[in-house]
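Working notes, structure below.
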Protein chains: 2
Amino acid sequence: MQKFKVAVLGYGNIGKFAVDAIQASPDMQLEGIVEPAAAYWEARPSALQDYNLVESLEQLPRVDVALLCIPSRAVPETAAQLLAQGINTVDSYDIHGQLSDLRIKLDQVARQNDAVGIISAGWDPGTDSIIRCMFEFMMPRGITYTNFGPGMSMGHSVAAKAISGVKNALSMTIPVGTGVHRRMVYVQLEAGADFNKVSADIKNDPYFANDETIVNQVQDVNQLIDMGHAVSIERKGVSGLTHNQLAGYSMKVNNPALTAQIMVSAARAGLKQKPGAYTIIQIPPIDFLYGDKEEIIRRLV
Amino acid sequence: MQKFKVAVLGYGNIGKFAVDAIQASPDMQLEGIVEPAAAYWEARPSALQDYNLVESLEQLPRVDVALLCIPSRAVPETAAQLLAQGINTVDSYDIHGQLSDLRIKLDQVARQNDAVGIISAGWDPGTDSIIRCMFEFMMPRGITYTNFGPGMSMGHSVAAKAISGVKNALSMTIPVGTGVHRRMVYVQLEAGADFNKVSADIKNDPYFANDETIVNQVQDVNQLIDMGHAVSIERKGVSGLTHNQLAGYSMKVNNPALTAQIMVSAARAGLKQKPGAYTIIQIPPIDFLYGDKEEIIRRLV
């Protein structure tokens, strides 16, 4: 079997799990890992002994698809560059308010260069979006609530860390129902910092100002970190003229492991699409799976 | 706005709700209802006063799509006939073991006649299939359990009614976990029938022989009938090399109302596909929704 060639860009939280997911995929071959920071590493992690570790994608043989396991803010430029070279991309760009404009921009580049970009291929945006879409065509009128957590919020943790006097911080997202969330923030203080002031500053920060926020002081934030996350999506709505139709979805997962797996499945789906940029609700679900189409239909439909 | 023209074939359980769902869809126009049995009705139901009720599709103006709200066993022939005339079809064919072969057959007819057939567009097969598909690309290794009910099983109720001495019967499907089901059967006996013999005959029937089956005698089966149904789908699996990833889906719904709504949403999706026959996992989820593509992406992804 001809395997398709994949590069992982970025060896952070998601990149590590992407390497696992590619190795577990019978139709994929990991061509190499691109990590500019590797130049500054004191030693290469033993997990990478068997892999081609390079500082830029040009140092690898031509790949079919690049997984962008890089910060969301770096995605627009990197994706555009690779698509312009005719290389398929997959990212898990997670800025909800901006992803639709990003898709329009990348769609043009991808079409012009005969490539496919899959954007926001994580779990939210991502598989949760498929659920919201499906719930809406099952019950076109009604309300959908997406409840996140319990789980770590990267964005809120970074915002809390930026507060003066905070040495390290963890912000947990706690669902309290109907799409409302409480923020449980755990802070490790710099020597001499005043907890009451830090707590007030966090609660006034725009990231936290609109949610119930409880700040706790701890000795060592790193002891609290667990990469589990959860979500629950609920809809109560109307099918035709029939009310009180109820549907729910939930998951409890290792967050970067799931994100990386969805990206890898999306890489496969991308190879089956016409040139362009897609969110995952624009792709047939079957395209994400490995295997014979008729066998999948017999087994899963 | 140019609305697309829909015919409902069959005015039974699902057909009635399909009329509702079409009326509630801003982009659809109900051209008429085809019901051969109408010739034998004593009176036209008042709900149909405003609609064109005919005995065969030829009596209606040309439609864009026909919803086949007819028994599954009649679907293969009717769908093939309509597709051969270049008319799109949607059905909720529910015989799991045969739907993949049916799709292959209809695919050929549809391609040759520039039409689109969507098959098995209900909730199982149907939206449940999207969930099973998604769960598998999120966690490629693992086990998925589909637990049906509590709800009425049409097939099992018909099988119980066919037992000698049974005047009327209802078989409820009760989930007992890990995809195992108990059958709760309620029978109304013919005068002089022996309950113990009827009970034994039901338990020995191939429809019931492999499941725990409890038979109860009641005075009037019709007093028990409720069209609610439920499902719960669970998967515990592996993303990449990370175990114990948990996901679940559930719904509690009016069964024919949901089936009809999904068929109507599928009718919309069918108009966006290239000629051929599709199960719903082969169609982008966004295609089932009414509205502007970019607005949907902004709102749901």
Side-chain angles (χ1 to χ4, degrees), chain A residues 17-18 20-21 23-25 96-97 99-100 103-104 120 123 125 127 129-134 136-141 238-242 244-254 257-258 260-262 264-265 279-286 288-290 293-294 296-298 300-301, chain B residues 17-18 20-21 23-25 96-97 99-100 103-104 120 123 125 127 129-134 136-141 238-242 244-254 257-258 260-262 264-265 279-286 288-290 293-294 296-298 300-301:
Chain A
F17 286 99
D20 287 353
Q23 293 305 108
S25 298
H96 283 267
L99 66 86
S100 78
R103 193 201 66 80
I104 293 170
S120 303
W123 57 268
T127 43
S129 318
I130 295 179
I131 294 292
R132 287 189 286 265
C133 190
M134 202 180 97
E136 199 164 308
F137 77 68
M138 294 165 70
M139 300 157 243
R141 286 180 294 146
V238 185
S239 304
L241 303 175
T242 301
N244 201 33
Q245 304 281 80
L246 307 170
Y249 165 79
S250 64
M251 57 165 213
K252 288 180 190 291
V253 294
N254 175 312
L258 179 62
Q261 178 66 65
I262 294 169
V264 167
S265 299
T279 58
I280 79 177
I281 67 170
Q282 298 172 268
I283 298 174
I286 194 173
F288 294 82
L289 289 173
Y290 167 70
K293 181 179 85 170
E294 298 303 336
I296 293 170
I297 292 173
R298 263 192 298 276
L300 295 182
V301 181
Chain B
F17 287 99
D20 287 353
Q23 293 305 105
S25 297
H96 283 268
L99 67 87
S100 78
R103 192 201 66 82
I104 292 170
S120 302
W123 56 268
T127 43
S129 317
I130 295 178
I131 295 292
R132 287 189 287 265
C133 191
M134 202 181 95
E136 198 164 308
F137 77 68
M138 293 164 71
M139 301 155 242
R141 287 180 292 147
V238 185
S239 303
L241 304 175
T242 302
N244 201 34
Q245 302 282 81
L246 306 170
Y249 165 80
S250 64
M251 55 167 215
K252 288 182 190 291
V253 293
N254 175 313
L258 179 62
Q261 177 66 66
I262 294 169
V264 167
S265 298
T279 58
I280 79 177
I281 66 169
Q282 298 172 269
I283 297 175
I286 194 173
F288 293 82
L289 288 173
Y290 167 68
K293 182 178 84 170
E294 298 304 335
I296 294 170
I297 292 173
R298 262 192 299 276
L300 297 182
V301 180

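No experiment lies behind these values; they were computed from the predicted model shown. Only this structure's heavy atoms are used, side chains among them; waters, hydrogens and symmetry mates stay out. The chains referred to below are lettered A, B, ... by the order of the sequence lines, with proteins before strands, and numbering in each begins at 1.
- The candidate from B:Thr242, B:Asn244, B:Asn254 with the greatest count of non-hydrogen atom pairs under 4.5 Å with chain A is B:Asn254.
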Run the numbers on A:Ile131 and B:Met134 for side-chain contact (heavy atoms from CB on, under 4.5 Å), then give the verdict. CA-CA 9 Å; A:Ile131 294 292; B:Met134 202 181 95; 3.8 Å; yes
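- With a 4.5 angstrom heavy-atom cutoff, A:Ile283 touches chain B only via backbone atoms.
- For chain A, the option among B:Gly248, B:Pro125, B:Ala24 with the highest count of heavy-atom pairs below 4.5 Å is B:Gly248.
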Can you list the steps and then say if A:Arg298 with B:His96 is a side-chain contact (heavy atoms from CB on, under 4.5 Å)? CA-CA 8 Å; A:Arg298 263 192 298 276; B:His96 283 268; over 6 Å; no
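- Remark: of the listed residues A:Leu300, A:Val301, A:Ile296, A:Leu300 is the sole one forming a side-chain contact (heavy atoms from CB on, under 4.5 Å) with B:Arg132.
- The contact between B:Ser250 and chain A is made by backbone and side chain atoms together, counting heavy-atom distances below 4.5 Å.
- Looking at A:Ala247, both its backbone and its side chain come within 4.5 Å of chain B, counting heavy atoms on both sides.
- Between chain B and the options A:Pro285, A:Ser265, A:Ala21, the largest number of non-hydrogen pairs under 4.5 Å is found for A:Pro285.
- Residues B:Gln261 and A:Gln245 form no side-chain contact, since every pair of their non-hydrogen atoms from C-beta on lies 4.5 Å or further apart.
- Closest approach of B:Ile297 to A:Ser100, counting heavy atoms only: CG2-CB, 3.8 Å.
- Your options are B:Glu136, B:Met139, B:Met251, B:Lys293, and the one with the most heavy-atom pairs under 4.5 Å with chain A is B:Glu136.
- Considering only heavy-atom pairs separated by less than 4.5 Å from chain B, the leading option among A:Ile281, A:Val253, A:Thr127 is A:Ile281.
- When all heavy atoms are compared, the tightest approach of A:Ser239 to B:Ala257 is CB-O, 3.6 Å.
- Partners of A:Phe17 by ring pair (Phe, Tyr, Trp, His ring centres under 6.0 Å), not counting sequence neighbours: none found.
- The residue among A:Ile130, A:Asp20, A:Leu99 with the most heavy atom pairs within less than 4.5 Å of chain B is A:Asp20.
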What do the steps show when you test B:Gln23 against A:Leu241 for side-chain contact (heavy atoms from CB on, under 4.5 Å), and what is the final call? CA-CA 9 Å; B:Gln23 293 305 105; A:Leu241 303 175; 5.6 Å; no
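- For the options A:Gly97, A:Ser25, A:Gly240, A:Pro140, heavy-atom pairs under 4.5 Å to chain B are most numerous at A:Gly240.
- With a 4.5 angstrom heavy-atom cutoff, A:Ala260 does not touch chain B via any of its atoms.
- With respect to chain B, the highest number of heavy-atom pairs below 4.5 Å among A:Ile104, A:Val264, A:Ile262 belongs to A:Ile104.
- For a residue to count as touching a neighbouring chain, one of its non-hydrogen atoms must lie under 4.5 Å from one of that chain's; by this rule B:Ser129 touches chain A with backbone and side chain alike.
- Partners of B:Phe288 under the ring pair (Phe, Tyr, Trp, His ring centres under 6.0 Å) rule, at least two apart in sequence or in another chain, are A:Phe137.
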Could you go step by step and tell me if B:Met138 and A:Leu258 meet the side-chain contact (heavy atoms from CB on, under 4.5 Å) rule? CA-CA 6 Å; B:Met138 293 164 71; A:Leu258 179 62; 3.6 Å; yes
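- Contact of the B:Arg103 side chain with the A:Glu294 side chain is registered, since non-hydrogen atoms from C-beta on lie closer than 4.5 Å.
- Under the 4.5 Å side-chain criterion, counting only non-hydrogen atoms from C-beta, A:Cys133 is in contact with B:Leu289.
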